[in-house]
Amino acid sequence: MQELTKITPTDYDVIDVIKTRWSPRAFDDVPVSESEVKQLLEAGRWASSSYNQQPWRIIYGIKGDAVYDRILACLIPFNQDWATHAPVLMVTAYKKTNFDGDAYFHALHDLGLFMGNLVIQANHNGIAVHQMGGIDQEKAHQEFEFTSDFGIATAVAIGRYGGDPDQLSDDLKEQELEKMRERKPVDAFAFNGNFQSK
Ligand SMILES: Cc1cc2nc3c(=O)[nH]c(=O)nc-3n(C[C@H](O)[C@H](O)[C@H](O)COP(=O)(O)O)c2cc1C
């Protein structure tokens with residue numbers, strides 16, 4: 001299968017590993033090994049976090065194992081439909097309390113940095129990552145026996161680029177084949193002065 005690539009129209013040049021990343025819903029059939037998964041988690045491990053508290057917790061399953069099926073069962077049906085073909089699934093969670101026992105305001109922020117590292121390492125390795133907010137958080141919390149000081153954030157589908165878009169429903173196939181990636185311009189969200197409502 002010819003690997004799909006996207007056009008990322010940057011206004012300022014950025015490194016290729018950022019530019020070429022995108023979130024496919026169809027993945028190549030070639031499996032992703034547990035050591036490849038561990039390497040991605042290692043990249044996440046070295047993210048910075050508030051007071052180095054490392055609030056992230058990850059459940060991972062590899063297609064064929066029981067954990068994979070348990071994660072899949074926690075996804076909303078929309079995501080189950082396509083993510084069922086992904087070689088690896090994850091659930092991400094974060095610690096809700098800090099070292100003082102108070103609310104850990106930056107925990108989700110820190111989990112985001114973890115995922116940022118993971119995604120960039122993955123893309124460097126030719127591995128694609130599709131993050132999902134569409135997970136039944138309560139169900140995943142119970143299913144994986146998280147304690148009450150943890151919250152579920154997302155699910156993640158991981159596999160190699162080069163999946164066959166024909167395995168997707170018509171509307172998802174259309175999105176998959178969309179050539180152009182889009183973002184707001186930098187000036188719409190970054191201000192050398194007061195906040196501007198744009
Ligand atoms: C926190 C988060 C939640 C997301 N939730 C879903 C989801 O439930 N289902 C889905 O198909 N895509 C989901 N996405 C993927 C986004 O739609 C996608 O990243 C966005 O459109 C930008 O596309 P790109 O990653 O290819 O640049 C999510 C992404 C993030 C970061």
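Computed from a predicted model, the values in this text were never measured in an experiment. For ligands, and for the atoms within them, numbers begin at 1 and follow the listed sequence.
Aromatic ring centres of Tyr94 and Phe150 lie farther apart than the 6.0 Å criterion allows.
Evaluation of the side-chain hydrogen bond (donor to acceptor under 3.5 Å, both in side chains) test over residues 11-20, restricted to residues two or more places apart or in two chains, returns Thr20-Asn123. Within the structure, the salt bridge (charged side-chain N to carboxylate O under 4.0 Å, His left out) test picks out the following pairs touching residues 128-154 (sequence neighbours left out): Arg70-Glu143, Lys95-Asp149.
Put simply, the side chain of Asn125 never gets that close to the backbone of Ile127: no donor and acceptor are under 3.5 Å apart.
At a threshold of 4.5 Å between side-chain heavy atoms, the hydrophobic network of Ile, Leu, Val, Met, Phe, Trp and Tyr places Val119 and Met132 in two separate groups.
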Identify all N/O pairs between ligand 1 and the protein with a separation under 3.5 Å and present them as a table of atom names and distances.
| unit_1 | atom_1 | unit_2 | atom_2 | d |
| --- | --- | --- | --- | --- |
| ligand 1 | 5 (N) | Gly133 | N | 2.7 |
| ligand 1 | 8 (O) | Asn79 | ND2 | 2.9 |
| ligand 1 | 8 (O) | Gly133 | N | 3.3 |
| ligand 1 | 8 (O) | Gly134 | N | 3.0 |
| ligand 1 | 9 (N) | Asn79 | OD1 | 2.8 |
| ligand 1 | 11 (O) | Arg25 | NE | 2.9 |
| ligand 1 | 11 (O) | Arg25 | NH2 | 2.7 |
| ligand 1 | 11 (O) | His130 | NE2 | 3.4 |
| ligand 1 | 12 (N) | His130 | NE2 | 2.8 |
| ligand 1 | 14 (N) | Gln131 | O | 3.0 |
| ligand 1 | 25 (O) | Arg21 | NH1 | 3.0 |
| ligand 1 | 25 (O) | Arg21 | NH2 | 3.3 |
| ligand 1 | 25 (O) | Ser23 | OG | 2.5 |
| ligand 1 | 26 (O) | Ser23 | N | 2.9 |
| ligand 1 | 27 (O) | Arg21 | NH2 | 3.0 |
| ligand 1 | 27 (O) | Arg181 | NH2 | 2.7 |
| ligand 1 | 27 (O) | Arg183 | NH2 | 2.9 |

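Residues passing the side chain to side chain donor-acceptor pair (under 3.5 Å) test with Arg21, sequence neighbours excluded: Ser23.
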